[in-house]
Amino acid sequence: MDGNQKEELLRKIMDVERKFSTDKKNAKSDRKAELKQLIDRFALEAEKNAASEG
Amino acid sequence: MRLRKVELNNFRQFYGEQRVEFAIDPKRNVTLIHAENGFGKTTLLNSVLWALFEDITKKFEDAEQLVSFAALKEGSVAAAVEVDFDFQGKQYVVARRFEQPSQKARLTASLIEAGVHKALNAPETFISSVVPREMARYFFFDGEAAEAFSSQTNNRAVGQAIRAILGCALAETAISDLRELAKEYEREIGTTAADEQLEAHQKKIVAAEERLEKLRDKIQDLESTREDRARQLADVTEKLRNLEGARKLQAERDAKDADLKSVRADLKVAKADQLKWLGARAIHVVSARLSKQTLDFVDDASLRGKIPSPYNEDFVRTLLHDRICICKRPLEAGSEQYAAVADMLRSASSPDTLGKVVRGRSRVTTLQREAADAPEALRVIQARIAALTTRRAQLEQEIAELGTKIENLPISEIAEREKARAALEKGIRKLTEEIGGAKVLLKNVEEEIAELQRETERIAKTNKKAQRVLKRRKLADESRILLEAMLETYEEEARGAVKAKVDSILSEVAHRDYLCDLGDDFALRLQMRSGHSIPKSGGENQLLSLVFMGALVQFAASRINDKNVVLRPGTVAPLVLDAPLGQLDVDYQEAVARYLPTLGEQVVLLLSSSQCPPRVFDALEPRVGAEYVLISENTEARGSRADSRMMIGAKEYVCSEFGRPRQMTRIERVR
């Protein structure tokens with residue numbers, strides 16, 4: 001993953017945190033599940049890019 | 001955010017419906033509330049915090065008892081607080097209502113437009129956008145934070161405050177989430193890969209991480225205990241300062257403590273210089289013999305015409321190219337003569353080699369010179385360390401002797417306090433050692449985990465499934481590390497900004513040429529401009545805390561339009577101060593009182609009569625836009641009790657009334 005993608009991931013992570021912080025429940029497990037999905041998605045994208053380049 | 005009104009309904013001692021309307025004129029932005037101790041100042045401050053966040057400060061005792069006793073007696077079971085305020089040009093009202101025996105309070109928030117209340121769907125979210133909860137405690141200030149800021153080990157409280165106002169809370173949660181997520185991936189690696197070796201490794205990592213977590217918790221607990229002890233120590237020391245018999249000795253000890261602090265700091269610098277010397281100059285001493293040999297060799301070779309070579313590289317190449325020797329005989333390729341001339345290339349000089357020889361000689365000469373100076377430089381540093389070590393031992397001895405003298409004073413109260421002080425100091429030293437030990441262990445476990453992770457990566461190289469999970473774990477780790485690095489940079493900038501603001505406020509209010517020392521570790525101290533630290537008295541502690549609070553509020557305001565991705569923007573909120581002038585002498589009270597109205601767009605001051613003598617009142621008066629007094633109504637007869645009276649301006653108020661129908665506090669408007 002290049003620097004831009006890493007920055008983009010960070011931005012999305014903060015979006016998730018921001019969204020949950022305004023949620024009355026703000027359940028930690030839900031928040032972590034959403035972060036995990038996000039990381040999976042970025043990792044998958046990076047894998048696809050690497051495969052198409054290599 | 002600008003407060004318009006707070007309305008209390010059977011909330012604690014405020015029976016019935018009572019209200020405070022705040023000053024909203026920017027020129028007269030101070031709301032002054034007079035009340036003697038125990039009459040409801042802290043409750044009033046907490047009522048706003050409770051309404052907005054269902055939060056209260058530590059000084060709010062019996063927190064579960066929200067409904068007025070008098071109201072309960074009459075059958076009312078509900079308490080409520082309503083806060084009216086302006087935010088970004090609009091008017092809002094937030095109300096929280098609690099009804100016994102329910103455990104939960106109900107919150108509503110409305111926008112008021114043309115007198116019509118429009119309910120907001122998500123009140124918590126809205127309030128959080130007005131004043132984030134983590135910042136609120138630094139605007140609603142009941143002296144609790146002041147104690148934390150002024151203790152000897154205040155760095156954690158100061159660091160927390162700067163981080164809160166900087167808006168790090170979300171990023172800190174993200175860091176914690178990412179750390180846990182990485183751990184989850186860690187656990188998945190072994191099981192997903194179906195590899196026994198990997199699984200065993202993961203188990204080791206998980207176990208080590210659990211140890212790491214326990215160590216972190218332990219360090220946090222120890223640091224928190226040390227802070228408590230330091231606060232107690234400051235308290236006992238302050239009491240000793242005020243005890244007639246011990247005052248002189250304690251003042252002497254304060255001065256020596258300050259000297260000791262300076263000496264310790266100088267010693268730290270000197271030891272760092274010694275390390276620097278080892279890193280940069282020890283090589284000169286070690287290489288002295290080699291430098292001499294090298295220089296002798298170069299000089300000898302130069303003398304014999306070997307360096308630089310008498311043959312120039314370009315000249316030799318021209319001969320070989322033209323195939324004619326200097327003696328005009330032909331140079332046939334492959335001939336003995338050709339080989340002899342070609343061999344001259346190996347030692348022929350070029351501008352490059354000439355340059356290298358000159359540079360090399362110069363470097364070796366410098367090395368020799370440095371080698372001659374280096375021992376002297378080290379001797380100077382070592383002499384400084386020796387002198388400072390002696391001075392430190394001397395001061396420690398003198399401080400211990402003063403302690404014994406104080407303990408032996410023929411006044412039991414002093415002796416007891418001194419004993420308590422010595423015990424606290426001993427306890428703090430022990431805690432510091434324990435913290436140091438735990439930090440070493442923590443570092444070891446971190447290294448152990450890093451090694452295990454490197455090993456995992458090596459094993460996982462041949463396992464595609466493990467690789468997949470590993471990549472995700474790395475991504476979580478990298479994001480966390482990036483966030484931590486960003487926060488560290490922002491905190492560093494914030495530390496500088498807050499320090500500059502503290503210094504600027506100090507230059508306005510302090511009688512002496514004080515500066516603030518806000519160290520890398522966020523330890524906050526007062527020092528003279530010359531750099532000497534000064535013994536802190538109770539008043540100076542309070543002054544520093546107040547000034548720091550003011551700097552935080554100004555820093556929050558300066559960040560209101562911050563669009564940073566990871567930080568929350570700052571905020572403008574009223575500064576509500578309960579008993580802010582407590583331990584200051586009257587000169588300081590007056591100077592601070594003059595400055596307080598400039599600290600925020602709206603300032604609410606809750607003052608007892610001892611904190612508002614005529615000079616303080618006169619200093620504040622031009623900025624006061626609203627003024628109240630809290631009157632205590634008591635059911636019992638006055639008996640032999642003295643009247644509690646308070647002069648406000650030219651009028652005298654009787655603050656305690658007896659033989660009243662209810663036990664309550666009444667809010668009375670003065671102007």
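Reminder, nothing fancy here: chain letters follow the sequence lines and each chain counts from 1. For clarity, every value in this text was computed on a predicted model and none was experimentally measured.
- Note that CD of B:Glu134 and OG of A:Ser21 are 8.5 Å apart. Values are rounded to the nearest 0.5 Å.
- Within the 4.5 angstrom heavy-atom criterion, atoms from both the backbone and the side chain of B:Ala174 approach chain A.
- Looking at B:Leu170, the atoms closer than 4.5 Å to chain A (heavy atoms on both sides) sit in the backbone and in the side chain alike.
- The two atoms that bring A:Lys32 and B:Leu181 nearest to each other are O-CD1, 3.8 Å, heavy atoms only.
- Crowding of B:Lys183 atom NZ: a count of heavy atoms from other residues, nucleotides or ligands under 6.0 Å exceeding 12.
- Both the backbone and the side chain of A:Asp40 come within contact range of chain B, with heavy atoms under 4.5 Å apart.
- The contact between A:Leu44 and chain B is made by backbone and side chain atoms together, counting heavy-atom distances below 4.5 Å.
- Going from atom CD1 of A:Ile39 over to atom CZ of B:Arg473 covers 12.0 Å, rounded to the nearest 0.5 Å.
- Using a 4.5 Å cut-off between heavy atoms, B:Phe126 does not touch chain A at all.
- Put simply, of B:Arg472, B:Glu478, B:Arg568, the one with the most heavy-atom pairs under 4.5 Å next to chain A is B:Arg472.
- Summarising the geometry, atom OG belonging to B:Ser479 is positioned 6.5 Å from atom CG belonging to A:Leu10; distances are rounded to the nearest 0.5 Å.
- In this structure, A:Leu38 CG and B:Leu475 CG are separated by 9.0 Å, a value rounded to the nearest 0.5 Å.
- Taking CD of A:Glu17 as the start and CD of B:Glu172 as the end, the distance is 11.5 Å to the nearest 0.5 Å.
- Contacts with chain B were tallied for A:Lys36, A:Glu7, A:Arg18; A:Lys36 has the most, counting heavy-atom pairs under 4.5 Å.
- For chain A, the nearby parts of B:Ala171 are the backbone and the side chain; heavy atoms of each come within less than 4.5 Å.
- Seen from the ring of A:Phe42, B:Lys471 does not count as a face-on cation partner, given the 6.0 Å and 45° thresholds.
- Shown here is B:Lys465, whose NZ atom has no more than 12 heavy atoms of other residues, nucleotides or ligands within 6.0 Å.
- Heavy atoms closer than 4.5 Å to chain B are found in both the backbone and the side chain of A:Leu35.
- Ion pair B:Glu180/A:Arg31 not flagged as a salt bridge, since none of the NZ, NE, NH1 or NH2 atoms sits closer than 4.0 Å to an Asp/Glu carboxylate oxygen.
- With a 4.5 Å cut-off on non-hydrogen atoms, B:Ser128 does not touch chain A at all.
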Using the rule given for side-chain contact (heavy atoms from CB on, under 4.5 Å), can you reason through B:Asp177 versus A:Lys28, listing the C-alpha separation, both sets of side-chain angles and the distance that settles it, and then say yes or no?
CA-CA 8 Å; B:Asp177 286 349; A:Lys28 194 174 180 178; 4.1 Å; yes
